[in-house]
Amino acid sequence: MLPYISDSREELVDSDVLYSYEKLNNIKWYDRILLNRPLKVILVFLLIGIAAPVLLYHFYFFTALNLPPSDGFSIGSCLIPRETRLACGVGQMTSEECHPQCCYDRNLNMCFHRIPSRFSYILDQQWSEDIVLHPRIATVPFSNQNSVRQLRLSISEESATHMVLTFYNSQNMSISGKRIVDKEYSYEVGSPEINVVVNASQGTIFDTARGPLIASENIWEIAFKLTNETMYGFGEIPLRKNTTKVIYSHYGDMSSIPLIFAKINTSFHGLLIDVSEPTEILIHPGNQIVVRSITNFGLKFHLFVGPEPKRIMEDVMKMIGHYKQLEYWMLGIHVCSEVPDLDLDSFIYDATSNQMPFDSHCGHRPIVFNSDQCKTSNISNIDAVNSGANIVKEAGKRFVPHVSPYIRHFEEEINETMTEDGNATTKRIDKEGCEIIPTYEEFMYRRPNTLEIYKGEENNGTEVIYPSYKDAPDEFLNDLWAYDKFDGLVLQNNWPLDKSDKLINETATYLPYFSEHLENAFAKTPQWNLTLINDSELYLFKHNTYGNDFAQAFAKKVNTAPIWSSSLWMNGGMAINRQNIDASWTNLHRELIAAALGGISGHWQWSSPVCGDTENFNQTTQSSLCIKWYLAATYFPMMKIHSKEFMRYPSAFNGTQRSIIIGALNRRLGFLPYFYTTLQEGPLLRPMFYQFPSSEALHDINTQFSVGDNLLIAPNLTPVQSHVHMWLPPGIWYELWSGLKLEGDEGDPVTMMTAEADFLTFIRGGSILIYQKEAEQTAENTQYLTPFSLIIALECITNNETTTTLCQASGKQFISKNMTLIFVANDTNLTITADGNDFDPICDMGSQIWADNIRNINIYGLDEDFNNYDNHRQINTFVDLCQLVEEFGHEEIVINLLS
């Protein structure tokens, strides 16, 4: 401790002082610094301002030491927080492997991009469609390959709310984008390092943010930001950060198109990644989206302004199309079985005995083509399929077989005989008209070096071969297909499936980038480097469109028969068939989210297997899960029960559990009038952010879903769950079956008790639900035989100035494309009118398909004095809808609700 020094000389000579005054006069310079308080403060600030950043940079942001010289553009900074760094190349590597134009963190062994990235393309003049961009760096951080020398950017203004960005190799093609006058977006292409920014009324909706733009053989990469807030898509609400998604149709794939909804406040915009080659999408913690694709064409993105999710969906559907010939029976219950020792006759007998409703069955077994049509096994298979079709139709059900795209392969048979002299001779069996491979062998996928036909493996371990349906003539499918007694088709395993062991050791030679995510996707699909005899392009570039090609081949053949497909690419013209789902509580939740996101992405017809469809199912231990799955599937766009190894049908359960499941199936058939009407105009199952975009408190909720405009479900999604939390949407809501009004404000949580047999459903005040109370054994029989019932959920608003209360509710029922019934109610009357004049489906004896009367009406929201039940009023009546026919002279039917 330094002594205190006084100004008094007398005190300096005190005997307690250790230093003499003379010695103090000889004090050193550094002592003066140490004794000077202001200087000490300055010294501390210098250490903090200079030394600390250097040390921090060294230990936290350390980069490669051999920094490149400036080339007249931005050098870029390596001083980037770890959570926002973008991996350069594969990311994890040694410093020697890291590209010299990247930064390197020695502590994490991570190679990462600078900000701005030096991997970009140079725009040395004002951008236009024909401007050629040149790479700033000659090589890329993937195996130090050469950059594409001539790249172009095309911007096409497709509509007022839809634009397309395409980065492509101009040596291969030339693209010219469209221009329109009126649009709800603007864009700017910055220079000298190209940077694309798109703005709309809600703010910046796309920004490459001077991140990397890399183009090289078999690897392209780009990074961009859509928002600083939340995103939704790829099967997730919200889309989790630090996750990687793969665009490569595979076992367990999400089945929907790669569409992302991005939020800015209460506005939404969308991005569709239109890259059919194997592509990896990283949702970075810093909200950047990094797209890496094994492509040589380039990268194409569709940007949709919104600002409502519904407008995004409409723009997407203009591009991918939409299946418009929805038949009523398609909304029923579809069954298929691959359970050993369960014959079709026994199943139909059990289903009939237990009054299990269902609409279609796949027959004895799914169809796998044979390469030899004369083979005994194939003849017996054809006979079995036709026999199953007859059994199903005799039971009054639809026959909807399941078909896979591969072909069973049989080696050419050789017959050996002995001559009289004891010598063996061989004779090839004549298979003319039976063996189809010699006729169509050029359309079979082959190994790249030997060109021998590639043999994969289907579910049962049978060797199969894979044709190219895109290149094969129409006669090829005609020769394969030997069946005509069917009402629809389910195209399954059409990525296509291949369970054989794969050789991926050659990927390092041909592909500069191949991650574990791609490896997992490639595992159960055909070998990535297969080719055709007349086409050397590798199979992996065609894989994502394989399901489309198979589906389109069938669409040409079957004309109007509905088709479900397990794999589609940018195709909204067919229903989605989800498959390979394990039975678990987590997967039940995921399937609800997937169906909701799939619907608002343009796939309104969507089926998901009840209780999963894999061998991973235990009826004893998973009965509660399966019951809840049946209750949830009531509200799916389409419903399929597909059993493998173990039964999932109601007959597999006993007592109360079976009653609950059959009750759920009956309830679904009763809801179909509402479902059928909803699906004429929009998706059925919807996320909260889609249905209530202005209610920000609901955007990230993924445990409740809107069913059309008027219903809402809040399922219990965990075992032994006794309570369910539901967050109130805008407006007035009632519990569907009791009429109990929910109290609270928008966004408030409401807790309600639940049980194994419950599936909490709510109806919106201001709506009228048209349904059928009692179900028959099929959707069409219920449609025709069961009278309508109504639930009128009133929305009552009191005028504070006049103290009067006005109540209203409305609904509609789609009958045909030429007529819809309109229902309007207040607190005293219900009025029914018709929009159109096509009453034949209701009133004509020869063509009637709909019920022609209403028998039961429940009214929610009346003054309590008018209720004859705890929370509602019920009226048993008879309303003849045919009174609206013009010859009866009634333009409307009016029913008094209080009499």
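These numbers come from a predicted model, not from an experiment.
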Begin from the C-alpha positions of Y328 and Y676 and carry the test ring-ring contact (aromatic ring centres under 6.0 Å, His included) through to its verdict. CA-CA 7 Å; Y328 198 83; Y676 188 60; 5.1 Å; yes
Non-hydrogen side-chain atoms of K773 and N856 separated by less than 4.5 Å: yes
Going by atom types alone, do N577 and K640 pair a side-chain donor with an acceptor below 3.5 Å? yes
What's the spacing between T754 OG1 and L631 CG if we round to 0.5 Å? 9.0 Å
Taking atom types as modelled and ignoring hydrogens, do the side chains of D838 and S816 form a donor-acceptor contact shorter than 3.5 angstrom? yes
Could you walk me through whether S847 and D844 pass the side-chain hydrogen bond (donor to acceptor under 3.5 Å, both in side chains) check? CA-CA 6 Å; S847 57; D844 182 78; 2.9 Å; yes
Out of curiosity, T833 OG1 to L884 CG, how far, rounded to the nearest 0.5 Å? 7.5 Å
S608 side chain to E591 side chain, donor-acceptor N/O pair below 3.5 angstrom: yes
Using the test side chain to side chain donor-acceptor pair (under 3.5 Å), find all partners of S256 that sit at least two apart in sequence or belong to another chain. none
Donor on one side chain, acceptor on other, D350 and S651, under 3.5 Å: no
When rounded to the nearest 0.5 angstrom, what distance separates CG in L491 from CE in M574? 7.5 Å
Tell me which pairs pass salt bridge (charged side-chain N to carboxylate O under 4.0 Å, His left out) where either residue lies in residues 665-689, with sequence neighbours left out. E681-K812, R686-D709
Distance-only donor-acceptor check, side chains S738 and Y860, under 3.5 Å: no
When rounded to the nearest 0.5 Å, the distance separating OG1 of T786 from CG of L669 is 9.0 Å
What distance separates S659 OG from N654 CG, expressed to the nearest 0.5 Å? 10.0 Å
Quick one: list whatever passes ring pair (Phe, Tyr, Trp, His ring centres under 6.0 Å) with Y649, sequence neighbours left out. F347
Q492 and Q579, any side-chain heavy atoms less than 4.5 Å apart: yes
Does one side chain, of R873 or N867, offer a donor that lies under 3.5 Å from an acceptor on the other? no
How far apart are the C-alpha atoms of S624 and E756, what are their side-chain angles, what is the distance that settles it, and do they pass the side-chain hydrogen bond (donor to acceptor under 3.5 Å, both in side chains) test? CA-CA 7 Å; S624 295; E756 183 179 59; 3.1 Å; yes
